[in-house]
Amino acid sequence: MDDRVRMREVRVLSDDTYVLRRNTFDFRRRDGRWQTLVRETYDRGDGAAILLWEPRKRTVLLVRQFRFPAYAAGHKDDLVEVPAGMLDARSPEEAIRREAEEEAGIRVTAPRRLFEAFMSPGSVTERITFFMAEYSAADRIGAGGGLEEEGEDISLLEVPLEEAMAMIRRGEIVDAKTIMLLQYARLHELGAA
């Protein structure tokens, strides 16, 4: 791809919590012609997400929390999600262990790495690494709930996988990373009862 992109200018539009850039570049089309394009990229770092599941009870452990961007877009309910967070200069495995403890109160010793995905590649540079891990009552090391200093006010929700799938159909789960992991679990791990 490097032979198809020639950067002309990168201008930082905002550098507060994350970085918003305006990129001007020449792009060589498949037919060989060059076209000048302008694209903004929002760099918020990379993240990790994990589906915690209990195979004996066939349940998943989800979190419910307020998300201002979803609220600003008209979604007035808290979001139901899998535990997730930013890497913050850690490996995806280290980051997801930390998030599982902070958000769900679960110690994860062996997260299974599934895949990586860009969630909104037209404008956001973030790549998420997706994991699954089994949990049991013995893995509970705290109450979870997130970190108050980060503005987190998280409650836990343990539901059967089939109920989580019904929550997607009813529009109660609208978070893309959560839907992806639940679909993955339904197809590859837990299957039909």
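As the structure is a prediction and not an experimental result, all values here were calculated from the model. Any value given below was found using the heavy atoms of this structure, including those in side chains, with hydrogens, waters and symmetry copies removed.
- Few gaps surround CZ on R98; more than 12 heavy atoms of other groups in view lie less than 6.0 Å from it.
- The closest side-chain heavy-atom distance from F25 to V5 is below 4.5 Å.
- To the nearest 0.5 angstrom, L51 atom CG is 8.0 Å from L161 atom CG.
- At least one donor-acceptor pair under 3.5 Å links the side chain of R97 to the backbone N or O of T109.
- Electrostatic pairing of R90 and E99 does not count as a salt bridge here, judged by no charged N lying under 4.0 Å from a carboxylate O.
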**OP:** Give the C-alpha distance, both sets of side-chain angles, the deciding distance and a yes or no for side chain to side chain contact (heavy atoms under 4.5 Å, CB included) between I168 and L182.
**Re:** CA-CA 9 Å; I168 294 170; L182 289 171; 3.9 Å; yes

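- When atom types are taken as modelled, the side chain of R28 and the backbone of D3 share a donor-acceptor pair closer than 3.5 angstrom.
- Shown are R8, R4, R33; of these, the salt bridge (charged side-chain N to carboxylate O under 4.0 Å, His left out) with D26 is made only by R8.
- At a threshold of 4.5 Å between side-chain heavy atoms, the hydrophobic network of Ile, Leu, Val, Met, Phe, Trp and Tyr places L156 and V80 in two separate groups.
- Between the CD1 atom in I96 and the CG atom in L52 there is a gap of 8.0 Å [rounded to 0.5 Å].
- A donor-acceptor contact closer than 3.5 angstrom links the side chains of E158 and T59.
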**OP:** Give the C-alpha distance, both sets of side-chain angles, the deciding distance and a yes or no for side chain to side chain contact (heavy atoms under 4.5 Å, CB included) between V174 and L79.
**Re:** CA-CA 7 Å; V174 296; L79 290 188; 3.6 Å; yes

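- Aromatic rings from Y71 and F66 are positioned such that their centres are separated by under 6.0 Å.
- Proximity of a side-chain donor or acceptor of E103 to a complementary backbone N or O of A84 within less than 3.5 Å is detected.
- Under the salt bridge (charged side-chain N to carboxylate O under 4.0 Å, His left out) rule, E163 has a single partner from R58, R170, R186, which is R170.
- Geometrically, R29 does not engage W34 in a cation-pi contact defined by less than 6.0 Å to the ring centre and at most 45° from the axis.
- Between R113 and E93, at least one side-chain nitrogen of the basic residue sits less than 4.0 Å from a carboxylate oxygen of the acidic one, meeting the salt-bridge criterion.
- One distance of note links CZ of R127 with CG of L87; it measures 10.5 Å at 0.5 Å rounding.
- No donor-acceptor pair under 3.5 Å is formed between the side chain of R39 and the backbone N or O of G122.
- How far CZ of R67 is from CD of E81: 4.0 Å, rounded to the nearest 0.5 Å.
- Side-chain contact check for T129 and D46: no donor-acceptor pair (N or O, by modelled atom type) lies under 3.5 Å.
- Within the model, atoms CZ of R64 and CG of D153 stand 12.0 Å from one another, a figure rounded to the nearest 0.5 Å.
- Connection of M132 to Y135 is not established within any shared hydrophobic cluster, with ILVMFWY side chains joined at heavy-atom distances below 4.5 Å, either directly or through further cluster members.
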Subject >> E54/E134 under side chain to side chain contact (heavy atoms under 4.5 Å, CB included): CA gap, chis, key distance, verdict >> reply: CA-CA 6 Å; E54 210 289 2; E134 293 184 18; over 6 Å; no

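- Salt bridge status for E126 with R44: present, with a side-chain N to carboxylate O gap under 4.0 Å.
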Original post:
What's the verdict on side chain to side chain contact (heavy atoms under 4.5 Å, CB included) for I50 and V108, showing C-alpha distance, side-chain angles and the deciding distance?
Top reply: CA-CA 10 Å; I50 190 165; V108 173; 4.1 Å; yes

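- Put simply, the side chain of E94 gets close to the backbone of S91: a donor and an acceptor are under 3.5 Å apart.
- Interatomic distance, CG of L181 versus CD1 of I173, reported as 11.0 Å (0.5 Å rounding).
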